[in-house]
There are 2 protein chains.
Amino acid sequence: MNTFPEKDFYLLLIIAKKSELNNSIKASTSELALDLNISQQSVSRKLSFLAEKELIERKVLASGNIISLTEKGKNFLLKRKNELDKIFSSKKNNKLSGKVKSGLGEGKYYINLPGYQNQFKKKLGNRVFPGTLNIKINEFELNDFLSEKKKISIKGFSDKQRSFGPAFVFKVKLNGRIDAAVIIPERTNHPENILELISSFNLRKKLKLKDNALVFVS
Amino acid sequence: MNTFPEKDFYLLLIIAKKSELNNSIKASTSELALDLNISQQSVSRKLSFLAEKELIERKVLASGNIISLTEKGKNFLLKRKNELDKIFSSKKNNKLSGKVKSGLGEGKYYINLPGYQNQFKKKLGNRVFPGTLNIKINEFELNDFLSEKKKISIKGFSDKQRSFGPAFVFKVKLNGRIDAAVIIPERTNHPENILELISSFNLRKKLKLKDNALVFVS
DNA sequence: ATTACTAGTCTTCGAGTAC
DNA sequence: TGTACTCGAAGACTAGTAA
C-alpha cells in the first residue's frame with residue numbers, strides 16, 4: 001500500500017529546492033540525512049521509495065546519487081502548491097500588522113547615503129527621513145503581501161572605500177494613511193520577520209509610536 | 001521528538017480547506033477518516049496530536065469535534081505554500097502544451113447561443129466560430145498559466161426554458177500566432193485536464209489539426 | 001451517535017555492518 | 001568515502017469495545 005508519499009513529502013521538497021525543479025543534483029544519502037534530521041539509512045530507504053513511485057529519477061554511484069524530479073514528481077508538488085494557493089487565495093493579505101521594534105540604528109546610516117537618497121527622491125517622490133521604522137511581522141505573510149505590490153528597484157553603488165548593495169522598495173501606507181515604503185535589501189541577511197519602513201516623515205514621531213505599538217501597513 | 005507533523009500534513013490541509021482557513025468546522029473523526037482513507041481511531045489520535053502541537057484548536061463534543069486552525073497552524077501551511085511558490089516561481093508557465101482531442105460537441109451548442117455570442121463580440125472583438133477546440137493538458141499547470149492572464153467575465157443568462165451559467169474567458173494565442181480564448185465555465189463540472197478554446201476561426205480547419213496533434217497556447 | 005482506550009499487528013526507525 | 005542489508009526497538013495502524 002502506501003500510495004502517496006505524504007511522509008516523504010519533505011524529502012521531495014528538498015530535492016525540488018536543490019535541483020531548482022528541473023536540474024539534476026548530486027547528493028549522498030548522509031548529506032540529505034542532515035537536511036532531514038534522520039538517519040542515512042532512512043534516506044536510502046526513502047529515495048528507493050520515491051524512485052519506485054517514479055517521483056524521482058535516481059542513479060546510484062559509488063560517490064553518491066544523481067537525482068532529478070520526474071514529471072510525476074513535479075506534478076505531485078504542483079498539485080500541493082495549487083491546493084495551498086487555493087486555500088490562501090481568498091484571504092489575500094493586503095494588510096500586514098505587527099509591533100514597532102527598535103532596530104540597531106544601522107538603517108539610518110545607509111538610508112541617508114546620497115547614492116540611495118537620490119534614488120528615493122526620483123522613485124518615491126521625496127527624500128526620506130534618515131531612519132527606518134522597524135516592525136516585527138509574521139514573516140510567512142510577507143510574500144503574499146508584497147506579491148500584490150509594485151516592486152521598485154534601487155540600484156547599488158560604490159564609493160572609494162566600499163560598495164552598497166541594491167534593494168527593492170514597495171510603496172505602502174502606514175496605519176492606512178501615512179505614505180511610506182518597505183525597503184528590502186536585495187541580498188538580505190537580516191531577519192525576515194522585521195519589516196523596515198522608510199518615509200519622508202519621521203514615522204515614529206509623526207504617529208507618536210513607542211516600542212511594541214501595534215501598527216499595520218497596507 | 002517528532003516536532004513537525006509531516007505525516008499529518010494532509011489532515012491539516014483538509015481542515016484548512018473545510019474551514020476556509022478561518023472558520024470553525026464541525027466534523028466527526030469517522031467523517032475525516034473517510035477523507036483520509038484511514039481509520040476513525042487514527043484520526044482521533046492525529047487530532048490529539050495536532051491539538052497538542054497547537055496547530056488546531058479543538059473542542060470534543062458528544063456529537064463530534066469543533067475544529068479550527070490556530071495561527072500556528074495557518075503559519076505552518078503558509079510556510080509550506082511559500083516554499084512551493086518559491087520553487088515554482090522561476091519556472092513561470094507562460095506556455096501550456098497538449099494534444100487536440102475530440103469533445104462531445106456540446107460546446108458548439110452553448111457557444112453559439114446569442115446570449116453568449118453577443119458578449120464574445122463585445123469582449124473578445126468578434127463573434128466566435130460555433131465549436132470549441134479541446135486540448136488535453138496537464139491540469140496542474142493550468143492555475144499558474146491562467147494566473148498571468150487577464151480574466152474576462154461572461155455573464156450567465158436565462159431564456160424561457162432554462163438558464164445558462166456564467167463563464168470566464170482568457171485571451172491566448174494558439175501555436176504562437178492564432179488569436180483564441182480559453183473558456184472555463186464558472187461552475188465547472190467537466191474534467192480540468194481539458195482546455196476548451198474558442199476563436200473567430202475554425203481552429204481545427206485553420207491549423208489543419210487532427211486528433212492528438214500537439215499544440216501549445218500562450 | 002460519538003471519542004478514544006487497549007491490545008495485537010504492521011510499518012518505520014536507526015545501529016551495526018557488508019560490500 | 002559511498003549504499004543498503006539485517007534486525008531489534010519504537011512508532012503507527014486498526015479492530016474491538018468502554019464510556
Side-chain angles (χ1 to χ4, degrees), chain A residues 1-19 23-70 73 76 80, chain B residues 1-19 23-70 73 76 80:
Chain A
M1 265 304 279
N2 215 339
T3 45
F4 267 62
E6 210 48 57
K7 64 190 165 59
D8 297 340
F9 186 92
Y10 209 71
L11 174 54
L12 203 61
L13 196 75
I14 284 181
I15 293 169
K17 266 186 201 165
K18 291 193 188 256
S19 69
N23 306 320
S24 291
I25 51 162
K26 173 125 189 234
S28 71
T29 49
S30 31
E31 242 174 281
L32 295 170
L34 284 177
D35 289 328
L36 287 165
N37 242 294
I38 57 176
S39 69
Q40 170 271 320
Q41 291 88 336
S42 289
V43 173
S44 171
R45 220 178 324 100
K46 283 170 188 295
L47 285 178
S48 298
F49 175 75
L50 291 178
E52 189 196 311
K53 290 272 176 266
E54 295 182 315
L55 295 163
I56 61 169
E57 202 155 3
R58 178 192 191 201
K59 279 204 186 77
V60 182
L61 307 180
S63 58
N65 301 272
I66 307 285
I67 307 169
S68 62
L69 291 181
T70 60
F76 183 78
R80 180 55 45 84
Chain B
M1 267 299 277
N2 213 337
T3 46
F4 268 61
E6 209 47 57
K7 63 188 167 63
D8 297 340
F9 186 91
Y10 210 72
L11 175 55
L12 202 62
L13 196 74
I14 284 181
I15 293 169
K17 268 188 200 166
K18 289 191 189 257
S19 68
N23 306 320
S24 291
I25 51 163
K26 173 125 190 236
S28 70
T29 49
S30 30
E31 243 174 279
L32 295 170
L34 284 177
D35 289 329
L36 288 165
N37 242 294
I38 56 175
S39 70
Q40 171 270 320
Q41 291 89 336
S42 289
V43 173
S44 171
R45 214 184 330 100
K46 282 171 187 295
L47 285 178
S48 299
F49 176 76
L50 291 177
E52 189 195 313
K53 291 272 173 266
E54 296 182 317
L55 295 162
I56 61 170
E57 202 154 3
R58 178 191 190 205
K59 281 205 184 76
V60 183
L61 307 180
S63 57
N65 302 273
I66 308 284
I67 308 169
S68 62
L69 292 180
T70 61
F76 182 78
R80 180 56 44 83

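Heavy-atom basis, side chains included; hydrogens, waters and symmetry copies ignored.
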Mind calculating the distance between [atom1] ([X]) and [atom2] ([N]) to the nearest angstrom?
X       : N      : atom1 : atom2 : answer
B/Asp8  : D/dA12 : CG    : C1'   : 10 Å
A/Leu36 : C/dT12 : CG    : P     : 16 Å
B/Phe49 : D/dG11 : CZ    : P     : 12 Å
A/Leu34 : C/dG14 : CG    : P     : 12 Å
A/Leu61 : D/dT1  : CG    : P     : 18 Å
B/Leu11 : D/dA12 : CG    : C1'   : 15 Å
B/Lys7  : C/dC13 : NZ    : P     : 12 Å
B/Leu47 : C/dT3  : CG    : C1'   : 10 Å

Ranking C/dT3, D/dT3, D/dA4 by distance to the side chain of A/Arg58, first place goes to D/dA4
OP1 or OP2 of [N] less than 4.0 angstrom from a side-chain nitrogen or oxygen of [X], does that happen here?
X       : N      : result
A/Asn65 : D/dG2  : no
B/Ser63 : C/dT2  : no
B/Lys46 : D/dC13 : yes
B/Ser44 : C/dT3  : no

For [Y], is there any backbone N or O sitting under 3.5 Å from a side-chain donor or acceptor partner on [X]?
X       : Y       : answer
B/Asn65 : B/Ser28 : no
A/Ser42 : A/Ile38 : no
A/Ser19 : A/Ile25 : no
B/Ser48 : B/Ser44 : yes
B/Ser24 : B/Ser68 : no

**Prompt:** So B/Phe9 and B/Phe76, would you call those rings parallel, tilted or perpendicular, with 30° and 60° as cut-offs?
**Reply:** tilted
5' to 3', nucleotides 14-19 of chain D under a 4.0 Å protein heavy-atom cut-off (B base, S sugar-phosphate only, - none) gives BBB---
key: Salt bridge A/Lys53-A/Asp8, side-chain N to carboxylate O under 4.0 Å   = no
